[in-house]
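Notes to accompany the following structure.
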Amino acid sequence: MSQHTAHIEEHRDDEASKLGMWLFIFTELLLFGGLFLVYSIFRMQYPVEFRECSLELSVTIGAINTVVLLFSSMTVAMSMTAIQKNDMKKALLYIGVTLFCAAIFLVNKYFEWSGKFHHGLYPGSELMTHLDRGHHLYFSLYFFMTGLHALHIIIGMTLLFVCYFKVRKNTIHSQDYVLLENSALYWHLVDLIWIFLFPLMYLIS
Amino acid sequence: MANNTTHTIEYQSLSKTLLILLFLTFVTISIASVQLGAFTLAVALLIACVKSFIVLSHFMHLKYESLLLRILVAMVFVLFALIVAITFIDYAFR
Amino acid sequence: MSNVSANSEYVSYLDHQGKYKGIMSWIMATDHKRIALLYMYSIMTFFIIGVVLGIMMKLEMLTPGETIMKAKMYNSVFTLHGILMIFMVVIPGLSAVFGNFFLPIHIGAKDVSFPKLNRFSWWIFVVGSIMAVLSQVLKDGPPDTGWTFYAPYSTTTSSNVIMATAAAFVLGFSSILTGLNFIVTIHQLRAPGMKFFNMPLFPWALYATAWIQLLATPVIGITLLMLIAERAFHIGFFDPALGGDPLLFQHLFWIYSHPAVYVMMLPAMGVITEIIPTFCQRQIYGYKAVAVSSLAIAGVGFLVWGHHMYTSGMSDTARWFFSLLTFIVAVPSAIKVFNWITTMYKGSIDVKPPFLYALAFIFLFIIGGTTGLLLGSVATNVQVHDTSFVVAHFHYIIFGGMGFAFFAAIHYWLPKMYGKMYDFKMANIGLVINFIGFNLLYFPQFIIGIQGMPRRYFDYPAKFQPAQLVSSIGGFILVTGLIIMIYTLVKGARKGAPAPANPWRGSTLEWQIPSPPSVENFDEEPVIKENPYDYK
């Protein structure tokens with residue numbers, strides 16, 4: 001940093017941006033951490049009820065979504081590789097595939113949720129309020145946790161959309177790709193949370 | 001001041017990582033139907049931890065980051081584990 | 001802006017002409033010093049409102065029974081007093097005002113790492129504050145839960161809890177972003193040659209604080225979101241009628257709110273650690289112990305939340321465990337007090353207002369801290385839980401500690417921030433009145449607390465009348481002192497005599513540059529000393 005550099009506004013520090021993104025990811029981890037804490041307490045108290053409720057969920061849809069998210073995590077990582085190698089076409093392709101996977105995930109989620117809604121099972125519904133404690137807690141957690149996770153999917157998609165157009169406009173390129181790197185980190189975070197959500201929600205024995 | 005220090009990971013290595021993750025997912029699903037009693041949850045969580053470790057180190061490039069960042073990430077998980085453990089000191093001994 | 005180069009003519013950050021003019025040059029400012037002043041003006045505004053609410057409570061407590069308001073109104077007043085003072089004054093207080101202003105200067109940087117994010121933090125701070133104000137005037141009526149929002153009352157009361165919790169959520173976001181900015185700044189922007197252990201101790205304190213802001217605030221974020229979901233969609237988490245567990249709310253709430261106490265206190269301790277060496281012209285005693293104790297407080301502070309819940313029905317094992325940890329967290333705080341006092345030994349002490357405020361801080365903090373240990377041990381806590389003893393304790397810590405440290409900081413740094421000096425005599429008068437008023441206001445509450453006066457009650461038996469009267473009189477004295485202090489400072493900042501660059505003969509970097517600083521802080525490369533408190 002020489003004395004003659006312009007004011008800090010125009011100063012670029014990718015290391016700082018990346019560290020900042022990691023710190024933001026820490027806050028997200030603790031945000032979901034609080035939820036996992038609540039989950040673990042209630043599961044300890046109502047193991048049987050949680051088991052019964054999990055049978056209401058389709059392991060197939062959950063498994064498909066897991067595979068889709070893992071795959072999209074790989075493609076977004078590949079888009080980074082492509083950018084670093086200055087291969088813009090491939091980078092665009094991989095970001096596009098990631099966005100497509102995210103869309104599949106959300107569509108699956110939509111069908112899953114609307115199935116529940118169809119059976120009258122949604123927060124505040126007649127059926128839900130008549131459930132006993134353990135069942136009510138499970139579905140409360142189910143809707144809240146997967147809902148918040150889906151919200152994060154949407155935020156991640158928005159970030160990747162921005163990256164897609166920036167790559168096309170060549171404002172993200174092999175010399176300046178920290179935005180893509182940070183968006184990819186965010187996307188992996190979404191995947192990371194799902195890695196825990198899937199066995200804890202769908203696979204209770 | 002172009003200071004992109006990120007290590008480039010080859011496509012092949014990424015797809016190998018994916019294969020391992022998919023395999024672990026398969027294991028999680030298949031052992032869920034086997035009755036292991038209390039161990040089922042432990043095994044499921046253990047596998048989830050291994051998977052997240054792989055995602056963190058490979059997909060999120062942590063393997064190639066500075067020691068400082070790796071320590072910070074570990075610290076966050078340790079802190080969370082401590083908070084959960086201490087909360088359970090209350091609930092487990094009521 | 002880019003034509004400001006080395007050795008060009010000095011222009012203070014207050015007079016600098018940027019892209020924007022007039023009021024916009026403040027709202028759109030990315031300069032950490034201007035943002036610091038913005039925070040200070042907003043925080044002082046909320047502080048004054050909070051004080052007015054406090055005085056209203058003292059008027060109500062002047063006599064037994066209804067004095068000036070009804071019970072329901074009293075509930076709303078202490079709730080708003082708590083929300084304002086905690087979320088909008090003391091939590092952002094020192095780190096957002098003096099941290100923003102002096103962190104970059106202390107480490108020899110031109111600004112924080114993300115200036116635009118810094119500006120954004122202030123914006124959402126303002127949005128959150130507006131939401132908090134709205135929660136008071138919207139049609140469901142002001143929230144009456146206390147600032148702790150304990151379930152299940154908060155999930156069932158008809159008052160406007162959703163808006164108030166959403167406000168706390170937004171304010172938390174602002175706090176997170178400030179913390180994030182500071183951590184990255186300290187890691188990335190230290191001037192060449194400044195290692196972690198060459199930093200002054202104020203940045204050390206801010207660093208520890210920032211970690212708490214970053215890691216604890218999300219927990220309250222998710223808790224408040226759950227509370228909102230519970231009210232809005234009847235999702236069950238905390239309300240037993242919906243299958244939930246109210247104790248879990250208390251756990252989650254204090255997992256954040258106990259560390260939040262250290263968000264208030266650590267920068268306060270950092271300020272005192274700056275002031276004492278300067279006015280004693282002496283190297284701080286045990287630099288590394290003070291630096292590391294900040295981190296220790298932050299670390300252990302995460303694990304003691306349960307001492308707010310001893311009477312809640314928590315397991316006995318958890319109660320002794322939290323009690324043990326509480327005693328451990330007192331150790332690093334005591335180390336700091338010990339080091340401040342030892343620093344004074346054989347120093348050439350210059351008795352100026354900032355130093356006197358620092359002394360007042362130490363006195364009040366020792367009372368607050370030791371009564372904290374009383375509350376931290378289960379047996380005595382059960383006796384005084386939710387009495388005015390607790391109220392007295394945390395006001396000694398938060399107001400006597402953080403508040404007086406804020407006053408100390410503003411008396412210490414005002415000449416640097418505005419380039420003007422205030423009237424020492426008036427400042428000393430204000431200090432003495434504040435100190436007397438403060439002790440009269442809160443000390444009686446320790447006594448009646450032990451005798452069984454509950455907190456948050458708008459009525460009391462006649463036997464508490466004398467103590468309540470003394471307390472109320474103390475409140476009026478304190479307000480008089482505050483008025484004198486604020487008047488002196490405002491007059492000083494506006495019309496005071498020009499301040500020299502280094503009025504206190506301080507040794508840290510902010511005293512090497514002109515008062516007020518230029519936009520870029522350092523027009524010449526700063527001289528980094530190996531020891532920031534080198535007075536020989």
Side-chain angles (χ1 to χ4, degrees), chain A residues 1 5 11-15 18-19 22-23 25-26 29-30 33-34 36-37 40-41 43-45 47 59 62-63 66-67 70-71 73-78 80-85 90 94 174-178 181 184-185 187-189 191-193 195-200 202-205, chain B residues 1-11 13-15 17-19 21-22 24-26 28-29 31-38 40-41 43-45 47-52 54-56 58-62 65-66 68-69 72-73 75-77 79-81 83-84 87-88 90-92:
Chain A
M1 263 188 296
T5 42
H11 158 84
R12 189 178 133 215
D13 184 352
D14 290 348
E15 277 296 309
K18 199 160 72 180
L19 181 59
W22 270 104
L23 296 179
I25 285 174
F26 292 171
L29 285 175
L30 277 141
F36 281 114
L37 176 62
S40 58
I41 298 280
R43 176 157 175 187
M44 184 186 78
Q45 292 176 335
V59 176
T66 309
V67 173
L70 286 174
F71 184 73
S73 225
M74 178 194 70
T75 53
V76 86
M78 284 182 165
M80 274 279 298
T81 309
I83 278 285
Q84 284 168 335
K85 295 187 169 187
K90 257 192 176 163
Y94 286 128
S174 62
Q175 292 310 309
D176 180 5
Y177 53 80
V178 72
E181 190 172 7
L185 281 176
W187 191 254
H188 295 307
L189 165 83
D191 187 24
L192 212 56
I193 290 160
I195 285 176
F196 285 93
L197 268 184
F198 174 58
L200 290 179
Y202 293 77
L203 307 171
I204 304 178
S205 60
Chain B
M1 212 183 304
N3 48 7
N4 285 311
T5 49
T6 311
H7 179 91
T8 307
I9 305 180
E10 288 305 319
Y11 298 117
S13 145
L14 289 169
S15 40
T17 312
L18 178 69
L19 284 180
L21 287 169
L22 289 178
L24 287 171
T25 310
F26 174 73
T28 319
I29 298 171
I31 60 150
S33 47
V34 184
Q35 289 299 325
L36 289 170
T40 324
L41 177 63
V43 173
L45 281 180
I47 295 178
C49 287
V50 172
K51 279 168 80 179
S52 49
I54 294 172
V55 170
L56 280 165
H58 283 82
F59 283 170
M60 295 173 94
H61 294 212
L62 214 48
E65 296 289 354
S66 63
L68 173 83
L69 187 57
L72 293 182
V73 174
M75 190 189 78
V76 169
F77 282 96
L79 176 73
F80 176 64
I83 288 176
V84 172
T87 313
F88 267 84
D90 176 15
Y91 280 87

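Note on naming: letters A, B, ... go to the chains in the order of the sequence lines (proteins, then strands), and numbering restarts at 1 for each one.
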inquiry  = Could you tell me if the side chain of A/Arg43 sits less than 4.5 Å from the side chain of B/Leu41, heavy atoms only?
reply    = yes
request  = Taking atom types as modelled, find out whether A/Thr81 and A/Lys90 have a side-chain donor-acceptor pair closer than 3.5 angstrom.
outcome  = no
task = Go through B/Val73, B/Ile83, B/Leu79 and name the one with the most non-hydrogen pairs under 4.5 angstrom from chain A.
result = B/Val73
query = With a 4.5 angstrom heavy-atom cut-off, which part of B/Ser66 approaches chain A: side chain, backbone, both or neither?
reply = neither
query = Are A/Trp22 and B/Leu62 side-chain neighbours, meaning at least one heavy-atom pair lies under 4.5 Å?
reply = yes
inquiry  = Counting C-beta onward and ignoring hydrogens, is there a side-chain heavy-atom pair between B/His58 and B/Leu14 closer than 4.5 Å?
reply    = no
remark   = Whatever's closer than 4.5 Å to a heavy atom in chain A on B/Thr17 counts as neither
A/Val67 versus chain B, the contacting section by heavy-atom distance below 4.5 Å = both
note = Turns out that what part of A/Leu192 lies under 4.5 Å from chain B's heavy atoms comes down to side chain
B/Lys51 vs B/Thr25 side-chain heavy atoms within contact, under 4.5 Å = yes
key: Closest-packed option against chain A by number of heavy-atom pairs under 4.5 Å, given B/Ile47, B/Leu68, B/Ile31, B/Thr87   = B/Thr87
message = Out of B/Tyr91, B/Tyr11, B/Phe77, return the one with the most heavy atom pairs under 4.5 angstrom to chain A.
response = B/Tyr11
key: Contact check, side chains of B/His7 and B/His61, non-hydrogen atoms, under 4.5 Å   = no
ask   = Contact part of A/Leu185 toward chain B, heavy-atom cut-off under 4.5 Å: side chain, backbone, both or neither?
value = both
task = Supply the atom-to-atom distance B/Phe59 CZ to B/Ile9 CD1, rounded to the nearest 0.5 angstrom.
result = 9.0 Å
note = Closest non-hydrogen contact found for B/Glu10 with A/Lys85 is OE1-NZ, 2.6 Å
request  = Examine whether an atom of A/Leu19 lies under 4.5 Å from a heavy atom of chain B, and if so say whether it belongs to the side chain, the backbone or both; otherwise answer neither.
outcome  = side chain
key: Region of A/Tyr202 in contact with chain B, defined by heavy-atom distances below 4.5 Å   = neither
ask   = Given a strict heavy-atom distance threshold of 4.5 Å, which part of A/Ile41 is in contact with chain B: side chain, backbone, both, or neither?
value = both
query = Minimum heavy-atom separation for A/Gln84 to A/Ser174, with atom names?
reply = O-CB, 4.2 Å
ask   = Between B/Thr28, B/Val84, B/Asp90, B/Ile29, which shows the greatest number of heavy-atom pairs under 4.5 Å with chain A?
value = B/Ile29
ask   = Side chain, backbone, both or neither: which part of A/Leu200 has an atom under 4.5 Å from a heavy atom of chain B?
value = side chain
key: Contacting moiety of A/Ile25, where chain B heavy atoms sit under 4.5 Å   = side chain
query = So do the side chains of A/Leu29 and B/Phe80 get within less than 4.5 Å of each other, counting heavy atoms only?
reply = no
query = Looking at B/Leu21, B/Leu24, B/Leu45, which makes the most heavy-atom pairs under 4.5 Å with chain A?
reply = B/Leu21
request  = Please determine, among B/Val55, B/Leu56, B/Leu69, the option with the most heavy-atom pairs under 4.5 Å with chain A.
outcome  = B/Leu69
